[in-house]
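See below for the structure under consideration.
Scope of the values below: all heavy atoms of this structure, side chains included, with no hydrogens, waters or symmetry mates. Order of appearance sets the numbers: ligands from 1, and atoms from 1 within every ligand.
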Amino acid sequence: MSNMLQFEESVYQLIVETSTNLPGDVRRAVNHGRSLENEATRAGLALSTIARNIQMAEDQISPICQDTGMPTFVVHTPVGINQIELKKSIHAAIQRATKDGKLRPNSVDSLTGENTGNNLGTGTPVIHFEQWEKHVIDMRLILKGGGCENKNIQYSLPTELEGLGRAGRDLDGIRKCILHAIYQAQGQGCSAGFLGIGIGGDRTTGYELAKQQLFRHVDDVNPVPELGRLEQYILEAGNQLGIGTMGFGGEVTLLGCKIGAMNRLPASFFVSVAYNCWAFRRQGIEMDPVSGEIGKWLYPVGTEVPVLEDENGPEDNKSISSDNANEADKQGAREIVLRTPISEEQIRSLRVGDVVVIQGEMHTGRDALHKYLMDHDAPVDLNGAVIYHCGPVMLKDEDGWHVKAAGPTTSIREEPYQGDIIKKFGIRAVIGKGGMGAKTLAALKEHGGVYLNAIGGAAQYYAECFKKVNGVDFMEFGIPEAMWHLEVDGFAAIVTMDSHGDSLHEGVEKASREKLASFKEVVFK
Ligand SMILES: O=C(O)C[C@H](O)C(=O)O
Ligand code: SF4
């Protein structure tokens, strides 16, 4: 290979483009979703926030979502290309993109919990090489985050499904599995989502096939007619489940569905579902095998498909923020400004549906911190405090630390700890996404606390609210897991669980379970 530096540069450009500029076909799907949702609803406002965030990420060349996922490359090379050298270029580019804040350090030792800090480590990044007889290198990259990855699911047919009954080894059984997959994800994988489905294979290749489907163009047509019909059906039926964007309820739960099939063993029949959030970051380049230069981009480049309808830019677009109290009013919701530390009285006055705007300090905390706080003291006073489930992208320069991307993470992972921690430290508000369960709801009621739902993936939109980094504890947990103390100005989120025992998530889940059961009858004979 003659020009290593050019190869590295091209891969770097691919990584930056993938992380910061949502591709055109994905944007079209988001725009279509927006057109189906009433703008004045919670889901409609969430979609507007998402659109605004996509634009901000493009403008600032910063990550669309703070979770830049598991970098997964699929590379086709002409016969004779040195794949070992190409791999080195990929590793160098990954390291550079991490240092520049285009990727969050995301590679964690599974035994020690240590973050390698540069996105390299055993099993990271994932690179699949394939040879072909063409004379160009085809390199595709997907950055799929952990929250939606956790919502992947694999079914082994025949099986019995909640609400849907028996799913047999046929197209109708497959149909039921996919609908169930959408239901079980609720809003936790940052709906509205995209599905890649693999039918057949073994447990490993079934999931691989599912992920391969995510490399198809959103608007392509399945070459297998019966799978094409199933894709169409799922898109329509999935949206009738009423889960909506971020699980707020609404018309748009699914933005795309791609299904592939491969052979299986006589004894096995797997349906593997890869759930991808709306922040569906995948791009590709065709590279010259000699010069390493980019020949063309393999998916429509985001910049060609606007996401904001008005010419005046993001500021004039509606979203969940302190400047759109009128929109909130249309839903009968109020907008309340809370300054930290927050009193019990203020919290008790809040109800599900209220929009809360936070001023003051908040503290990030996720998996490692919650586990730690169960049997240790906190490094700061958390009385009346706000905990933000967030693993930000942070960069340090001569002026100190800066927040580069900071959307919420999936809160349900903290369910085993949250209730106890709220009571132990006197926390008044927890911000995250996807909602929490019965134990947390009970603690919010007992102690006087609220759960605030922020818009998952809107990492640029929220990063702008953080005016100053007051400090950090537990850097040894790694950047995403550390406890960042952040000064915030106007962080807006919706009360989805209040101190009176009400939970929006409980309601949406129940309604969607009932809806799911209405799809029990055979559709594909
Ligand atoms: O790790 C994160 O920042 C978020 C994660 O992708 C999630 O969806 O929970
Ligand atoms: S936070 Fe949401 S948008 Fe970001 S990677 Fe996780 S699931 Fe995707």
Side-chain angles (χ1 to χ4, degrees), residues 18-20 22 26-27 29-30 33 46-47 49-54 56-57 62-72 101 103-108 113 115 119 124 142-152 182 185-196 211 214 243 245-248 253-256 273-282 364-370 388-394 403-415 418 430-436 453-463 477-482 484 493:
T18 310
S19 177
T20 66
L22 206 64
V26 177
R27 288 177 177 224
V30 171
L47 278 169
T49 306
I50 284 168
R52 184 165 165 177
N53 184 73
I54 294 168
M56 291 172 84
S62 262
I64 296 162
C65 174
Q66 77 289 337
D67 184 0
T68 53
M70 174 66 90
T72 303
L103 293 177
R104 186 179 71 185
N106 255 2
S107 179
V108 179
N115 192 315
N119 270 313
T124 13
I142 185 164
L143 299 172
K144 183 173 185 291
C148 61
E149 184 68 8
N150 291 348
K151 287 300 163 190
N152 291 1
I182 303 165
Q186 290 293 306
Q188 290 165 4
C190 289
S191 51
F194 295 83
L195 297 182
K211 288 201 173 173
L214 296 175
I243 296 163
T245 302
M246 294 319 296
F248 288 165
T253 304
L254 208 57
L255 295 173
V273 182
Y275 190 103
N276 207 109
C277 48
W278 66 260
F280 182 16
R281 292 154 287 172
R282 58 107 175 82
T364 68
R366 46 183 292 167
D367 310 65
L369 183 80
H370 279 78
Y388 183 25
H389 295 158
C390 168
V393 178
M394 303 293 294
V403 182
K404 301 308 284 182
T409 190
T410 320
S411 301
I412 196 73
R413 296 194 308 272
E414 316 316 335
E415 181 65 12
Q418 196 68 78
V430 172
I431 308 177
K433 63 143 169 129
M436 300 194 74
N453 205 118
I455 311 303
Q460 290 309 314
Y461 176 75
Y462 292 116
F477 293 164
I479 285 182
E481 299 274 352
W484 296 93

Close-contact set for ligand 2 against [X] heavy atoms, below 4.0 Å:
X	result
D67	5 (S)
G189	7 (S)
R281	5 (S)
A279	3 (S)

What class does the angle between the rings of F194 and F280 fall in, given that below 30° is parallel, 30 to 60° is tilted and above 60° is perpendicular?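 Geometry flag for F280 against F194: tilted rings.
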Contact between [X] and ligand 1, counting heavy atoms under 4.0 Å?
X	answer
K433	yes
R104	yes
E149	no

Short list, please: which atoms of ligand 1 are under 4.0 Å from a heavy atom of [X]?
X	result
T410	7 (C), 8 (O), 9 (O)
R366	1 (O), 2 (C), 3 (O)
R413	9 (O)
Q66	2 (C), 3 (O), 4 (C)
G146	6 (O)

Less than 4.0 Å is my threshold; does some heavy atom of [X] fall inside it relative to ligand 2?
X	value
K144	no
E149	no
C148	yes
G69	no

Would you indicate which of A405, C277, A185 comes nearest to atom 8 (Fe) of ligand 2 when only heavy atoms are counted?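 Minimum heavy-atom distance to atom 8 (Fe) of ligand 2 goes to C277.
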Can you find an N/O atom of G147 closer than 3.5 Å to an N/O atom of ligand 1?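 N/O-N/O distance below 3.5 Å exists for this pair.
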Without hydrogens or angle criteria, can the side chains of [X] and [Y] be said to hold a donor-acceptor pair below 3.5 Å?
X	Y	answer
K433	T410	yes
S411	H389	yes
Q418	H370	yes

For [atom], grab the closest protein heavy atom and report residue, atom and distance to one decimal in Å.
atom	result
atom 4 (C) of ligand 1	T409 OG1, 3.1 Å
atom 6 (Fe) of ligand 2	G147 N, 4.0 Å
atom 6 (O) of ligand 1	D67 OD2, 2.5 Å

Rounded to the nearest 0.5 Å, what separates atom CG in L214 from atom NZ in K144?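 It comes to 7.0 Å.
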Is it true that some N/O/S atom of C190, main chain or side chain, lies under 2.8 Å from atom 2 (Fe) of ligand 2?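 It does; at least one qualifying atom falls short of 2.8 Å.
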Below 2.8 Å, any N, O or S contact between C65 and atom 4 (Fe) of ligand 2?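 Short answer: yes, at least one N, O or S atom is under the cut-off.
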Of the options S62, P63, C65, P71, which is the one that meets S19 in a side chain to side chain contact (heavy atoms under 4.5 Å, CB included)?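 It is P63; the other options fail the test.
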